[in-house]
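Below is one structure; the comments refer to it alone.
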Protein chains: 2
Amino acid sequence: MTSTSPLARRASAGRTASVKDVAVAAGVSLGTVSNVLNRPDRVSPATRARVEQAMKDLGFVRNESARQLRAGTSRMLGYVMLDATNPFFTDVAQGMETAAETAGLSLVLCNSRGREGREQHHLELLQQQRVQGLLITPVSPESDVLEALRDRGTPVVIVDRTRDDPSFCTVAVDDVLGGRLAIEHLVDRGHRRVAYIGGPPSLGQVRDRLEGARLAWRDAGLPDEDLLVISTEELVVAEGRRAGERLAGIASSKRPTAAFCANDLLALGLLQHAITAGLRVPHDLAIVGYDDIEFAGAAAVPLTSVRQPRQELGRAAAELVLAEATDPDHEHQQVLFTPELVARASTRA
Amino acid sequence: MTSTSPLARRASAGRTASVKDVAVAAGVSLGTVSNVLNRPDRVSPATRARVEQAMKDLGFVRNESARQLRAGTSRMLGYVMLDATNPFFTDVAQGMETAAETAGLSLVLCNSRGREGREQHHLELLQQQRVQGLLITPVSPESDVLEALRDRGTPVVIVDRTRDDPSFCTVAVDDVLGGRLAIEHLVDRGHRRVAYIGGPPSLGQVRDRLEGARLAWRDAGLPDEDLLVISTEELVVAEGRRAGERLAGIASSKRPTAAFCANDLLALGLLQHAITAGLRVPHDLAIVGYDDIEFAGAAAVPLTSVRQPRQELGRAAAELVLAEATDPDHEHQQVLFTPELVARASTRA
DNA sequence: TCCTCGGTTTGAAAGGTTTCAACTGGAAGG
DNA sequence: CCTTCCAGTTGAAACCTTTCAAACCGAGGA
């Protein structure tokens, strides 16, 4: 009577069918239904078929709350991201999801939008859901909220941020190395006066990339004063344009022949200004960006940029939090990924 | 003895404290603890204080699974998005989250990545979680999976897609109107030969925007053959460049003086090709894009584009699914938002 | 003194799943 | 014919919260 099953579904719409309903319909005990779901090999084929038919007829859907309640833990990881509209973090999340999926878990995404209050709220909710592990790019990496979580027994991994305290797993990308790569590339290309454009200095990433740049500059035996530092208010396109104006104001004999920008938005803004000002890129001004966002390669002059392994970052973080969740005497690790320079036309000889 | 509370927390780390533990610690019954949580006004101040202290000491965190099990429904909405790395959908999700938040619910995001299998899987999981409502930008809007969901009693709203069947709530943006706006703008600017660039035609959005373009073109009394249609394989930057090559191959007397691209990526590719080919934008070629993505305004020549009210789209969808969840005799609605043309330098006279 | 009343507090039941020890019936072995 | 064994099946208990009718208690009124 397959034709009745859609009707049955609609008729029972008042309450969703439970294992008990299925058991009654199939004429077996409730334990058997559970066995069909969880250890099908222990059930005789005939019974199994009958139960499965009953489940189909009744439109049975497992109640995850009840499972979790019984199991004491959910089948989820949570990621509190800093900004869900930033492609960097969505790529990171995608990497996490891949790892979660292979472990049979799902990933719940929350968006703090950079606000501590929202972050706190989401952490609270995730804990109430008894997630197996928490991934977070915190608004303030040193906040003691994280300690409270960990002390309560929830595995926590900090993503794309570092923290002095080695009692947390952290996963980040080596920004100092990224800065080195950019400058080494420019020095290789023969540049001897270079600008570093980035800010505000309160951002760890901005500082670290500059530090790497300085180290490479010195290693090349070049004088400090020829690495010009231009500080910006924010890492946005408009500030890149403004930096271009400042560069343009420098006498051409002293003007840097290349710029290393702390992110691609600045670099795109700078590129835009250069083009409208009639400068040829890279001939008059070479440009290196950072992040290798989607539009770096699609810019008017395709942009050389430092790429971070975003998906791997996410994958590693998820694997780490899983390790912490399963292995009781897990050692906290500080994983540092290696960025990579992608050379394109904006620095071509 | 506040100093012992952190110790207590760590000591009890074996199992998270439950209401029962709190009740014992505070010397009250379990029902009273629940009252403190849910109807604090019915509890005498002294008792309440005692219970709250006990909760703090034990690091009590409500078990959401148990709550849900009891309540029969979760406090979540689910959104199965088509592509979490596409800014359009993250903005839509943000709008949804706003609406969910004001209703005291959280939004669970899932990413189908355009694959039916993943979509199906996520829908299954969300149902198991007994979400109050489902929002979805389906891989195939006509798929009968959605019917199955609805018949099982879960409110469903289709987002950014339309469906002939009026038994679903849908929320979308009027692409026909968007096409009209773009062409009317170009005709206003004096263009009498225009190219429509977009594809593949299997995408509803590509078809609808072209339809709107044609309608506006005819309304202006212009001959059909002067609206040149260039079909592309995908909506990506590279295809925009290729379209540029095709335009360049047309004798200048017959060449369109403006192009309307089905999305901004195409428009950016076209712009790039135009610049490198030495065409002046907008003087030799005016360009209109679609979507108004972040980089439209930051392009070498800032791009005129048709903007969709993304956040409002998400907010409306979430409100609709909530209405359907609470109001038993809810009428399905097809909401159509109005796009808006943002004029920038790429079409300036 | 007894009763009533209001504000508090209590205890049990319910909600759906999983687990596990216990049971069943039939087949194989003695 | 009795025992042993085993695959298959069963039923109760546990997970934690919320709800609700019932119990409690002290005070004020009769």
Side-chain angles (χ1 to χ4, degrees), chain A residues 12 14-52 54-55 58-75 104 124-125 127-132 152, chain B residues 12 14-52 54-55 58-75 104 124-125 127-131 152-153:
Chain A
S12 74
R15 276 306 139 236
T16 327
S18 74
V19 271
K20 197 192 288 185
D21 300 325
V22 174
V24 171
V28 296
S29 87
L30 171 162
T32 300
V33 177
S34 179
N35 281 335
V36 169
L37 289 168
N38 302 300
R39 274 93 96 229
D41 47 304
R42 294 205 192 158
V43 181
S44 76
T47 324
R48 197 195 316 167
R50 208 147 28 99
V51 171
E52 280 167 351
M55 296 202 295
L58 270 58
F60 170 76
V61 177
R62 253 175 165 146
N63 185 323
E64 184 65 22
S65 313
R67 291 187 83 186
Q68 284 182 23
L69 176 57
R70 180 67 231 262
T73 175
S74 74
R75 314 178 55 66
E124 185 68 26
L125 290 181
Q127 278 209 289
Q128 292 184 3
Q129 311 217 28
R130 300 291 189 272
V131 290
Q132 294 213 350
R152 212 176 267 135
Chain B
S12 75
R15 278 303 138 234
T16 327
S18 74
V19 270
K20 195 191 287 183
D21 301 324
V22 173
V24 171
V28 297
S29 87
L30 171 161
T32 300
V33 178
S34 178
N35 281 335
V36 170
L37 289 167
N38 303 300
R39 273 94 95 231
D41 47 304
R42 293 201 192 160
V43 181
S44 76
T47 325
R48 197 195 318 169
R50 209 148 27 96
V51 171
E52 280 166 351
M55 295 200 297
L58 271 58
F60 170 77
V61 177
R62 253 177 167 150
N63 184 323
E64 185 65 23
S65 314
R67 291 187 84 187
Q68 284 183 23
L69 176 58
R70 181 71 234 260
T73 175
S74 73
R75 314 179 56 64
E124 185 67 25
L125 290 181
Q127 278 208 290
Q128 293 185 2
Q129 310 217 26
R130 298 291 189 270
V131 290
R152 211 177 265 133

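Below, chain A is the first sequence line, B the second, and so on; all start at residue 1.
Nearest-nucleotide mapping onto DNA chain C: of B/L30 and B/R67, the residue sitting toward the 5' end is B/L30. Take the nearest nucleotide of DNA chain D for A/D41 and for A/A71: the residue whose nucleotide is more 5' is A/D41. Nearest-nucleotide positions on DNA chain C place B/V43 closer to the 5' end than the other of B/A66 and B/V43.
Rounded to a whole Å, the CG atom of B/D21 is 8 Å from the P atom of D/dC16. Following rounding to the nearest Å, A/L69 (CG) and C/dA14 (P) show an atom-to-atom distance of 17 Å. Rounded to whole Å, atom C1' of D/dC15 lies 15 Å from atom CD of B/Q68. Per the geometry, CG belonging to B/N35 stands 20 Å off P belonging to D/dC16, to the nearest Å. Between the P atom of D/dT17 and the CZ atom of B/R75 lies a distance of 15 Å, rounded to the nearest Å. Protein atom CG of B/L37 is 15 Å distant from nucleotide atom P of D/dC16, rounded to whole Å. Taking atom CZ of residue A/R62 and atom C1' of nucleotide C/dG16, one finds them 12 Å apart after rounding to whole Å. Residue A/R39 contributes atom CZ, which lies 8 Å from atom P of C/dC20 at whole-angstrom precision.
B/N38 comes within contact range of the sugar-phosphate backbone alone, with a heavy-atom separation under 4.0 Å but no base atom that close. Looking at heavy-atom distances under 4.0 Å, B/V28 makes contact with sugar-phosphate atoms alone, never a base. Contact annotation for B/S44: backbone-only contact, meaning every heavy-atom pair under 4.0 Å involves sugar-phosphate atoms and none involves a base. Using a 4.0 Å heavy-atom distance criterion, A/S65 is classed as making no nucleic acid contact.
Side-chain atoms of A/Q132 come within 3.5 Å of backbone atoms of A/S74 as a donor-acceptor pair (strictly under, hydrogens ignored). Between the side chain of A/R130 and the backbone N or O of A/Q127, at least one donor-acceptor pair lies under 3.5 Å. With hydrogens and angles disregarded, a donor-acceptor distance shorter than 3.5 Å links the side chain of A/R50 to the backbone of A/A26.
Taking only side-chain nitrogens and oxygens, B/T32 comes nearer than 4.0 Å to OP1 or OP2 of C/dT10. Checking the phosphate oxygens (OP1, OP2) of D/dC16, no side-chain nitrogen or oxygen of B/S18 falls inside 4.0 Å. Phosphate proximity of C/dT9 to B/T47: present, with a side-chain N or O under 4.0 Å from OP1 or OP2. A/R48 has no side-chain polar atom (N or O) that falls below the 4.0 Å cut-off from OP1 or OP2 of D/dG8. Using a 4.0 Å cut-off, no side-chain N or O of A/R130 falls inside it from OP1 or OP2 of D/dC15.
In the displayed structure, B/R75 atom CZ is contacted under 6.0 Å by at most 12 heavy atoms of other residues, nucleotides or ligands.
For the atom pair CG of B/D21 and CE of B/M55, the computed distance is 13.0 Å after rounding to the nearest 0.5 Å.
Distances were taken from every side-chain heavy atom of A/V19 (C-beta onward) to each of C/dT17, D/dC20, C/dA13; the shortest belongs to C/dT17. Of the candidates D/dT17, D/dC20, D/dG11, the closest approach to any side-chain atom of B/R70 belongs to D/dT17. With distances taken from any side-chain atom of B/N63 to the nucleotides C/dG15, C/dG16, D/dC16, the minimum falls on D/dC16.
Two residues are said to be in side-chain contact when any heavy atoms from C-beta on lie closer than 4.5 Å; B/N38 and B/R67 meet this criterion.
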